[in-house]
Amino acid sequence: MFDIDGVIRDVSGSYRRALAETVHHYSGWKPEPAQVDALKSEGLWNNDWEASLELLRRHGLEPLPSHGALVKVFSQLYFGGDPDGPPEAWQGFIREETLLVQPPFFEALGQHGFAWGFVSGAEPASARFVLHQRLGLPRPPLIAMGDAPDKPDPSGLLTLAARLATTELGLDAPLVAYVGDTVADVETVQRARAHHPDQAFVSLAVAPPHLQAAGAGAQRLVYEDHLRQAGADHILANTAQAPELLNHLLS
């Protein structure tokens, strides 16, 4: 199973930009990417609306905006239109996202015998846009925002894992792997293990694209160390590496 943001698509110029611009809208201060990374490394701020509020709180803004008001600002920046309206009308940062995998990646997963799906904190409209329209996946198994509690609560992961395994999780179920790019993603797998200690889980982690750019090597190493400390079993160079590693683990 896969997270979406930072794993399937690059959101450094969309969701992360909307987070920074939302904070700037209310405070006049724009957090640097490293400051957002540091917050995400705490494992508590997978939801970008809550992350925006937390950065405003730590910056000392008083009074803080209401949750509803902040969501409206964030959504206007990110979608640039009605999230429930036609994607063709969106003019926001979502238009700046690039894909990190292409449709043949999922065809190859099926050919290798892997069942696959997505567990993401992305808003349903955003998740559907990248999966349906950008990648051409008509009915992908998906747990998105609102379908389950926010990660690192493992409820969404466990629900989709059982659905894909077509059996109860446990000794007789196949290996469950989750590819994520944040400490919260890794901790989700750790909590899933606590719920089902007899089920085989593996946490695959990858640094988000903005840390894979030239000149970001030192920051990437620090970020990957946080992922390891949280319990990541393997660090991937990129998402496309996942099938090869899983085949190796299962051989």
Side-chain angles (χ1 to χ4, degrees), residues 1-21 33 36-37 40 46-48 74-75 77-81 83 85-112 114-145 147 151 156-157 160 164 177-182 184-185 204-214 216 220 223-224 227 234-247:
M1 292 176 289
F2 301 89
D3 184 25
I4 294 177
D5 300 337
V7 174
I8 300 299
R9 63 179 172 187
D10 182 355
V11 294
S12 56
S14 59
Y15 264 125
R16 280 177 170 260
R17 183 181 175 190
L19 188 160
E21 293 291 350
V36 178
D37 288 339
K40 295 281 187 178
N46 196 63
N47 183 303
D48 285 341
F74 190 106
S75 293
L77 289 164
Y78 178 71
F79 287 106
E88 295 78 13
W90 296 342
Q91 299 297 320
F93 299 158
I94 192 171
R95 290 289 178 186
E96 305 301 317
E97 294 173 349
T98 56
L99 295 175
L100 301 175
V101 294
Q102 298 297 326
F105 173 76
F106 299 100
E107 297 172 9
L109 285 175
Q111 291 169 358
H112 283 94
F114 294 116
W116 49 266
F118 305 91
V119 180
S120 171
E123 296 156 272
S126 174
R128 288 193 298 269
F129 175 70
V130 67
L131 298 180
H132 296 183
Q133 296 190 240
R134 299 289 307 282
L135 284 167
L137 305 175
R139 297 180 62 187
L142 170 66
I143 300 289
M145 178 188 288
D147 295 330
K151 296 176 289 185
L157 182 77
L160 190 57
L164 293 175
Y178 184 56
V179 184
D181 72 318
T182 66
D185 293 329
L204 307 180
V206 59
H210 70 278
L211 293 178
Q212 300 188 32
R220 177 175 178 173
Y223 192 93
E224 290 178 343
L227 296 172
H234 300 277
I235 304 295
L236 303 176
N238 51 61
T239 304
Q241 197 179 39
E244 179 184 354
L245 176 59
L246 287 172
N247 277 323

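Taking the side chain as every heavy atom from C-beta outward, Q212 and V206 approach each other to under 4.5 Å. Inter-residue side-chain proximity for D185 and N46 is flagged as met; some heavy-atom pair is nearer than 4.5 Å. Within the 4.5 Å cutoff, no side-chain heavy atoms of R9 are placed close to those of S14. Proximity of F74 to Y15: side-chain heavy atoms (C-beta onward) are separated by under 4.5 Å at one or more points. Side-chain contact between L77 and R17 is absent, with no heavy-atom pair separated by less than 4.5 Å. Put simply, the side chain of W116 reaches to within 4.5 Å of the side chain of L137, judged on heavy atoms.
The two atoms that bring D3 and G180 nearest to each other are CB-CA, 4.0 Å, heavy atoms only. Between S12 and H210 the shortest heavy-atom distance is CB-CB, 4.0 Å. Contact record, L236 with A242: CD1-CB, 4.0 Å, taken as the closest heavy-atom pair. The shortest heavy-atom contact between I4 and A127 is CD1-CB, 3.8 Å. Residues K151 and S120 come closest through the heavy atom pair NZ-CA, 4.1 Å. Between N247 and H112, the shortest heavy-atom contact is ND2-CD2, 3.1 Å.
Put simply, CG on L100 and CG on N238 are 9.0 Å apart, with the number rounded to the nearest 0.5 Å. The line from CE of M1 to CD1 of I143 is 9.5 Å long, rounded to the nearest 0.5 Å. Rounding to the nearest 0.5 Å gives a distance of 9.5 Å between CD of E96 and OG1 of T98. Residue H132 holds its NE2 atom at 7.0 Å from CG of L142, rounded to the nearest 0.5 Å. Here the straight-line distance linking atom CG of L246 with atom NE2 of H234 works out to 8.5 Å at 0.5 Å rounding. The structure places CZ of R134 at 12.0 Å from CD1 of I8, a figure rounded to the nearest 0.5 Å.
Open room surrounds CD on E244; 12 or fewer heavy atoms of other groups in view lie less than 6.0 Å from it.
When atom types are taken as modelled, the side chain of Y78 and the backbone of S126 share no donor-acceptor pair closer than 3.5 angstrom. Proximity of a side-chain donor or acceptor of T239 to a complementary backbone N or O of V7 within less than 3.5 Å is detected.
Relative orientation of the F2 and F118 rings is tilted, given thresholds of 30° and 60° on the angle between their planes.
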>> Let's go through D37 and R16 carefully: what are the C-alpha distance in whole Å and the side-chain angles of both, what is the deciding distance for salt bridge (charged side-chain N to carboxylate O under 4.0 Å, His left out) to 0.1 Å, and is it a yes or a no?
In response: CA-CA 10 Å; D37 288 339; R16 280 177 170 260; 2.9 Å; yes
